[in-house]
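By convention in this document, chain letters (A, B, ...) are assigned in the order of the sequence lines, proteins followed by strands, and residues within each chain are numbered from 1. Keep in mind that this is a model prediction, so the values were computed, not measured. No hydrogens, no waters, no symmetry mates; every other heavy atom, side chains included, goes into these values.
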2 protein chains.
Amino acid sequence: MRIAIAQCTPHHANKQENLNMITRYLHRAKEQKAELVIFPELVLTGYSIGNQLETIAEEIDGPSLQFIQQACHELQIFALISFPEKNGNAYHISSALIQDDGSIAGVYRKTHLFSAEAHYFTAGNEWPVFTTKLGNIGVMICYDLEFPEVTRLLRLNGADMVLVNTANMEPYERYQHIYMQSRAMENEIPLVICNRLGQEDNLKFFGHSMAVNHEGDILLQLDSEEALRIVDVSLHETRDPELNYARRLHESVRGALLNCLHHE
Amino acid sequence: MRIAIAQCTPHHANKQENLNMITRYLHRAKEQKAELVIFPELVLTGYSIGNQLETIAEEIDGPSLQFIQQACHELQIFALISFPEKNGNAYHISSALIQDDGSIAGVYRKTHLFSAEAHYFTAGNEWPVFTTKLGNIGVMICYDLEFPEVTRLLRLNGADMVLVNTANMEPYERYQHIYMQSRAMENEIPLVICNRLGQEDNLKFFGHSMAVNHEGDILLQLDSEEALRIVDVSLHETRDPELNYARRLHESVRGALLNCLHHE
């Protein structure tokens, strides 16, 4: 699968500017024959928008996603877009996987909220995997990567790869690097992460977006520059038959995690 | 805690030679003021002893452990000794934590059996943590390290640190390195691993024993030489208040894992 990583700086609390930016990246990605573009966490609004959720958050069928769906349809390209989701009286940090026909394959709601996020947002309770013509894709968001259980749940739920939107800040560079490799290796699937750049208040986001294969080999790693970068990721490489972690996980533990998946 | 890592080559199927070797390492560790010595997986017998279990395995109160308990008592030192355990009609790959008064703090039975091990051994079903005057110590064995759930279960069960006996072979060097750091970081506890050297049949064991602190910093890393090396590991460093993984793990997942601990 040819993936474009859009390592960018979202405009803070300016959806129109971000929609313009997203559209530009989608065009550039299409020119480079990418099939899917991954953007950072909360690319639609920027990160520190907790106080503005009533006016800035949107429902899944809100105008911003519809605008991007239209662009994806016209360009025939997939996009993973993270946005603040209004869901009844609750708000989530969510990511929608938009397909090249403009439809939404599914939405993931961040299950692990970092630091002050829990003051504003409600954590998700599900680890869905989206069946698409590109493969079975799991999604997680930022702090989720730091809990090995999240990637495992997605793997047990059938993911062939995992995409990660993040707004990871200094000083957690090494955590992102190690966890990306470990999650890929211990689940024997590739992962791609897009981390944002820029600064909001005292938070400095470091980028370092990357792609790793199912053995944790680094296929692509960015520094801290604004960039659209292309990486080819294979979802069906031969696995080491001696490892087979998802199958050999202790049956009581595997059963317990599967219960989490099927619990509503 | 001052730990000695005894990176050695067990004598294949020769318990008497291994008891002599273990005793020599215990003396050398005591001279260097170590409080605990960690040995590799199946240090009592060597690794490929599946066909000889009826004659080589011992019960927890068997003569070999008793001999080492006596040595630990005389030297006033702890030792983590891995051995093939006879348990009724079953055999386990086990590790006994022997205390400096000669008593056994507890025994861990490997819960994830690698490759052909399952032909000979029965997997354990428990993730105990041993309360000692040195701290609350969890133990895992080799392939267990590759499943993040094992370290997590030990952490949720109260471990302040985790010790790993292993017989890890080429070509899994990078897996050991990455997993050691990831397990420490994602549980915010130090880990120490002792991997063996030498060759049995086509298996070449690479050593690379190491100690990492609760942030995944490498405190000590060996190459592939026979050695007794000392490392000071602090069990109660200040944790990053923003991370707090064991507490912030999604409640449904945390509950499921706690059920695994209390099951049976």
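Defined by atom type and a distance below 3.5 Å, a donor-acceptor pair is present between the side-chain atoms of A:Tyr245 and B:Glu146. No side-chain donor-acceptor contact under 3.5 Å links B:Asp240 and A:Tyr175.
For chain A, the option among B:Pro148, B:Gly216, B:Ala256 with the highest count of heavy-atom pairs below 4.5 Å is B:Pro148. The residue among A:Arg183, A:Gln181, A:Arg152 with the most heavy atom pairs within less than 4.5 Å of chain B is A:Arg152. In terms of heavy-atom pairs under 4.5 Å with chain A, the best-connected choice from B:Leu243, B:Val150, B:Thr111 is B:Leu243.
Here A:Asp217 pairs with B:Arg174 in a salt bridge; the nearest charged N to carboxylate O distance falls below 4.0 Å. At a threshold of 4.0 Å, the pair B:Glu188-B:Arg247 does not count as salt-bridged, since none of the basic side-chain nitrogens sits closer than that to a carboxylate oxygen.
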Please walk me through it: do B:Tyr120 and B:Gln52 pass side chain to side chain donor-acceptor pair (under 3.5 Å)? CA-CA 10 Å; B:Tyr120 304 106; B:Gln52 306 167 63; over 6 Å; no
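Contacts of B:Glu251 with chain A are absent, with no heavy-atom separation under 4.5 Å from either backbone or side chain. For a residue to count as touching a neighbouring chain, one of its non-hydrogen atoms must lie under 4.5 Å from one of that chain's; by this rule A:His112 touches chain B with the side chain only. Proximity to chain A (any heavy atom under 4.5 Å) is restricted, for B:Leu153, to the side chain, taken from C-beta onward. In this structure, the portion of B:Glu149 lying under 4.5 Å from any heavy atom of chain A is its side chain and not its backbone.
B:His92 places none of its side-chain heavy atoms less than 4.5 Å from the side chain of B:Ile141.
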